[in-house]
Structures are given as C-alpha cells and as structure tokens.
Amino acid sequence: MKVLVVGSGAREHALCWKLAQSSKLTELHAAPGNIGMAEFATCHDKVQARDIDAITALAEKIGAELVIVGPEAPLVDGLSNRLKKHGIPCCGPSASGARLEGSKVYAKELMDRAQVPTARWEAFSDVQAALAAINRWRGPVVIKADGIAGGRGTFVCMTKVQAERALQALLVDSAFGVAGRRIVVEEFLQGIEASITVITDGEVVMPLHVVRSEKRRDHNDAGPNTDGMGAWLPVEELYEQQIEEAIDAGIKPALADYAQRGMNYVGVLYADVMFTKTGPKVLEYNCRFGDLEVQAMVRTMDDDLLDLLHRAAVGTLSEAEVSEPTCAAAAVTLVDATYPAFERTDTITPIAGLADAAELDDVEVFYGNVVATGKGKAKGIGATGGRVLTVTATADTVEAAAAKAQEAAALITFEGMHRREDIAANAGIFA
Ligand code: AMP
C-alpha cells in the first residue's frame, strides 16, 4: 500500500516509524515531513500540511491508497472531504467531524445533547459577563479559547486574579486572535486524567491503548499548560471497567450523535478524560492522535497500525480487539526555553548527544522542530524551538521505562533545553 502521512512533527515521525514495520506498506511519503521521517519516507518538504490543494495533488500524483493526517488544522479546513471527492481514502474526519476539536463550544453543545458527562460550562464573548459568572460560581475555573490555539488556549485558574488575567489575555488583548474571541468557562475537575484514543470507521469503535501524560511545563505540575511534557503507559492506576465506562459514556454517544445527523465520523478520536470520584468526565475531544501520546503508544503496539487505519478509512474495521501493550513505555519531551509561548523560533541551535541517546537499547528519539545543519564533517542537527524532540523508551515497568527515557534525554543538550525529570512520578498511584 502507498501511504502519505501529513505533518512534520514528532507525532508524525512516530507514526512513520510504526507504519514502516507493516508488511502491507510498499511506499511511504510524507508532506512536508522532517529529517527524522526521511529515514522511512520520501519527504515532500515544499508541500505544507495546511495546503489542501497541494496535498490532494500530491496524493493523486503518487497514487496514495491511504492518507493519514497528523495535525488537526488540515482536517478542520476540510482535507478529508477533498480527498474523498478525489476517491482517496483518508484516515481522518471530515470538516464537520473535526469541529469537535475546532470549537470547544460546538464540542460542549454536542456533549450536552448526547448526554456525555463533562464539566459544567458557559460560553462568553464579554469580559464583564464572564467575570460575573466566575464570581457567582466561586472556586477554581478553567478558561478556554473556543477555537484552535495550538494547545495553549486553556488556562487553569486557581485564583480570581488568574481568571482575570486569562480573560484579559483572551477577550481584551486577543492573544489568540479569532480563536479566543469566544471563550468557555468551566468548572475545575479533580481526578486522574488520561487520554483515551479510538479509531472508527463510523460504525465499529476500536479502542487503542490508554495513555497518561504530564501537561504542565515544570516539575511538580507547576508552570503553564503544554501539549504534554511526558507520557506513559500502561495506565495501571485505572481499572479496566473505568476505561470501558469512559468509552461507553464519553466516546460512543458523541459518535452516535454524528451518525444520527447523517455524518459518519471516520478516523481517530481521542478524548481527554478526567476520572473523578463521581465517574469519568470528558475534558475535550481531539480529531487526531495526541502529539506525545502516540509517540509512547506506538512503542508498545503489536498490531499492524497501517492495516487498522486503512480499515477505518475504507469502512472495514472489525470488532477484533487491539492486543494488550507488549511492554511499558515512557516519553519525555525536550523543549526550548520559549515554549509554550512560542511553537517555533527563527533561531537554529545545534543539538549534541543525539546519536549517543539513540544508541541506547530500547530507546527511540522522534524528531519535532529540528533541521539538518552544515555539510560533510560539519553535518549536524539543529533545534528550531518549541517542541524539539520526544525521547521514548520501553521496559518491563513504567518506572523503568521512564528512568531509561530520562537517561537517554540526559545525554542530549541544546541551548535553552528544558525537560521535566518527574515524568510518571505518579504512575500506578490511585487518586
Ligand atoms: P484542553 O485544552 O481542554 O485539553 O485542556 C488542557 C488541559 O487543561 C487538560 O489536559 C487538563 O489538564 C486541564 N483541564 C482542562 N479542563 C479542565 C477542567 N475542567 N478541570 C481541570 N483541569 C482541566
């Protein structure tokens, strides 16, 4: 099968690493790809992920039999619809499916309609009205930009001052432009947070491995929210029954709501779920694989992911279950000093120690914002800011996998590099 992967980050690198192991693969292409993905795929670096015309033209030119879309933005823009028109199978929802991620208000309205348990919420575009509600509610709140804000539009506010600052940034200073012109204010939930990913062909729902991640930038859950500083699986701190309940109450009703409206949701759906004392509650939906969660997940997956994603795209998923994780895995993100304020910078900083880290047993390093530098003997790899690398490791236990990933990460250096050293510190501990 000829496959095109859309995207250029560590998530897409991890997907290519896994797809390359499939006996069904004949050709792997990536657009735009990155230097890590180039080990497995022909990279078309002039074709940008959000350029739907160019992606479609490329898919036709190479005769792609499956397009796998990494980031959410092209899906929200309608890439899947366009590919479908051209008869090219795509593992990713249509623009209407991707609205689940593209608008928090849309997702919350759908959750209410489908009776999906979630945090109490209200939407606002006016600061005074939002402030009045926060005063009325009392207690901590979470304030979210309605639109796509690259994972940085959510503010967990433990104090009124923090809430006022978040409202100022979103509604007055327009820090996220149009995406933050409307906001959701919701109740702060406590519990164990986990990512539940399923793939679906619109009918069959196939749960993949559950992953947990560290969202805050700094040690001991301090600092701003990020897309994820570390991840691990298996998640032994949740019972099988709790996960089933989350899928039945949190994911299936959302998919059924789409089906009832005559719009089958096809592809990956991943929900951030808070397992509270009163049961699972959905924090948000994403219409693609988690960028970090999947880097850990592919390391423990025995099944042929290419086959599963193709079946989802063409509507032939069967009820067969995905096998249990083969081992434990942990992932550690290496970011630069500007993250999460900036996703990428213009400066290129040399990275040292990459080869030493990659040489360790059971370690794989997936590339995010990196570029090739120099020529000949001066050849190297440079960091371009934001999320630079994901270091993953496998072992028999989460603790050992996390220790190994940290050992590998410690060998890598670049100016301004930051990582959390307490990834998975709470693994196995009940809330
Ligand atoms: P989101 O942008 O909705 O994925 O939120 C990003 C992160 O903020 C989540 O992964 C949680 O750690 C945290 N968060 C979001 N909503 C809530 C909530 N209602 N209560 C507690 N934490 C939340």
Side-chain angles (χ1 to χ4, degrees), residues 5 7 9-12 14-15 17-19 68-72 75 90-93 97-98 100-101 107 116 151 192-215 227-228 230-238 240 242-255 258 265-275 280-313 317 319-326 328-331 366 390 392:
V5 172
R11 164 181 50 206
E12 291 78 24
L15 286 170
W17 176 86
K18 178 68 182 159
L19 297 171
I68 298 168
V69 187
E72 60 279 11
L75 294 168
C90 173
C91 188
L100 260 193
E101 175 162 2
V116 168
I192 291 184
E193 186 181 343
S195 303
I196 299 197
T197 308
V198 304
I199 52 175
T200 177
D201 60 3
E203 280 186 26
V204 176
V205 177
M206 180 175 280
L208 302 182
H209 302 155
V210 177
V211 181
R212 287 195 69 195
S213 61
E214 313 281 11
K215 298 281 184 193
D227 291 311
W232 74 87
L233 76 160
V235 178
E236 283 170 355
E237 46 276 36
L238 292 171
E240 201 52 51
Q242 287 176 287
I243 292 164
E244 274 167 27
E245 190 188 343
I247 292 167
D248 289 345
I251 289 190
K252 287 186 179 168
L255 295 173
Y258 270 104
Y265 184 104
V266 169
V268 178
L269 179 63
Y270 117 66
D272 249 334
V273 179
M274 190 70 89
F275 289 85
K281 295 195 176 173
V282 173
L283 296 184
E284 68 155 358
Y285 292 117
N286 300 284
C287 61
R288 33 80 201 176
F289 282 117
D291 187 345
L292 187 56
E293 284 80 0
V294 86
Q295 285 94 302
M297 196 196 291
V298 293
R299 299 295 320 276
T300 66
M301 194 187 275
D302 214 12
D303 304 80
D304 185 338
L305 186 62
L306 170 53
D307 184 49
L308 295 177
L309 297 180
H310 181 248
R311 282 171 178 278
L317 265 186
E319 297 285 350
E321 282 185 13
V322 165
S323 354
E324 290 292 307
T326 50
F366 297 123
T390 307
T392 67

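- Y270 is linked by a ring pair (Phe, Tyr, Trp, His ring centres under 6.0 Å) to nothing, counting only residues two or more places apart in sequence or in another chain.
- Note that the CD1 atom of I196 and the CD atom of E244 stand 10.5 Å from one another [nearest 0.5 Å].
- When side chains are defined from C-beta on, T300 does not count as touching P234, because their heavy atoms never get closer than 4.5 Å.
- We find that E203 and R311 are not joined by a salt bridge, their nearest charged nitrogen and carboxylate oxygen being 4.0 Å or further apart.
- The CG atom of L208 sits 11.0 Å away from the CG atom of L269 when rounded to the nearest 0.5 Å.
- At least one donor-acceptor pair under 3.5 Å links the side chain of R11 to the backbone N or O of F289.
- Side chain of N286 to backbone of R288: no donor-acceptor contact under 3.5 angstrom is found.
- Side-chain atoms of K252 do not come within 3.5 Å of backbone N or O of V205 as any donor-acceptor pair.
- Listed for the H209 side chain is a donor-acceptor partner under 3.5 Å among the backbone atoms of S323.
- Note that the CD1 atom of I68 and the CG atom of L309 stand 5.0 Å from one another [nearest 0.5 Å].
- Below 30°, between 30° and 60°, or above 60°: for Y265 and Y258 the angle between ring planes is between 30° and 60°, a tilted geometry.
- No donor-acceptor distance shorter than 3.5 angstrom exists from the side chain of D272 to the backbone of L283, with no hydrogens or angles considered.
- Contact record, T326 with M301: OG1-N, 4.5 Å, taken as the closest heavy-atom pair.
- For the atom pair CG of L292 and NZ of K215, the computed distance is 8.0 Å after rounding to the nearest 0.5 Å.
- Residues F366 and R299 form a side-chain contact, since some pair of their non-hydrogen atoms from C-beta on lies under 4.5 Å apart.
- Across all non-hydrogen atoms, the minimal contact from S213 to E293 is OG-OE2, 3.3 Å.
- Across every non-hydrogen atom of Y285 and A254, the tightest pair is OH-CB, 3.6 Å.
- Here the shortest heavy-atom pairing between L305 and L19 reads C-CD2, 4.4 Å.
- The shortest side-chain heavy-atom distance between D227 and D291 does not fall under the 4.5 Å cut-off.
- Residues T197 and V211 are not in side-chain contact: their nearest non-hydrogen atoms beyond the backbone lie 4.5 Å or more apart.
- Using modelled atom types, no side-chain atom of E101 and backbone atom of A98 make a donor-acceptor pair closer than 3.5 Å.
- Within the 4.5 Å cutoff, the side chain of P207 has no heavy atoms near those of the V322 side chain.
- Atom CD of residue E72 and atom CG of residue L100 lie 12.5 Å apart, to the nearest 0.5 angstrom.
- Residues G202 and V266 share a closest heavy-atom pair of N-CG2, 4.2 Å.
- Here the shortest heavy-atom pairing between G267 and C91 reads CA-SG, 3.9 Å.
- Of the inter-residue distances, the one linking K18 atom NZ with D304 atom CG reads 7.0 Å to the nearest 0.5 angstrom.
- Checking E193, E237, E236 one by one against R212, the salt bridge (charged side-chain N to carboxylate O under 4.0 Å, His left out) holds for a single residue, E237.
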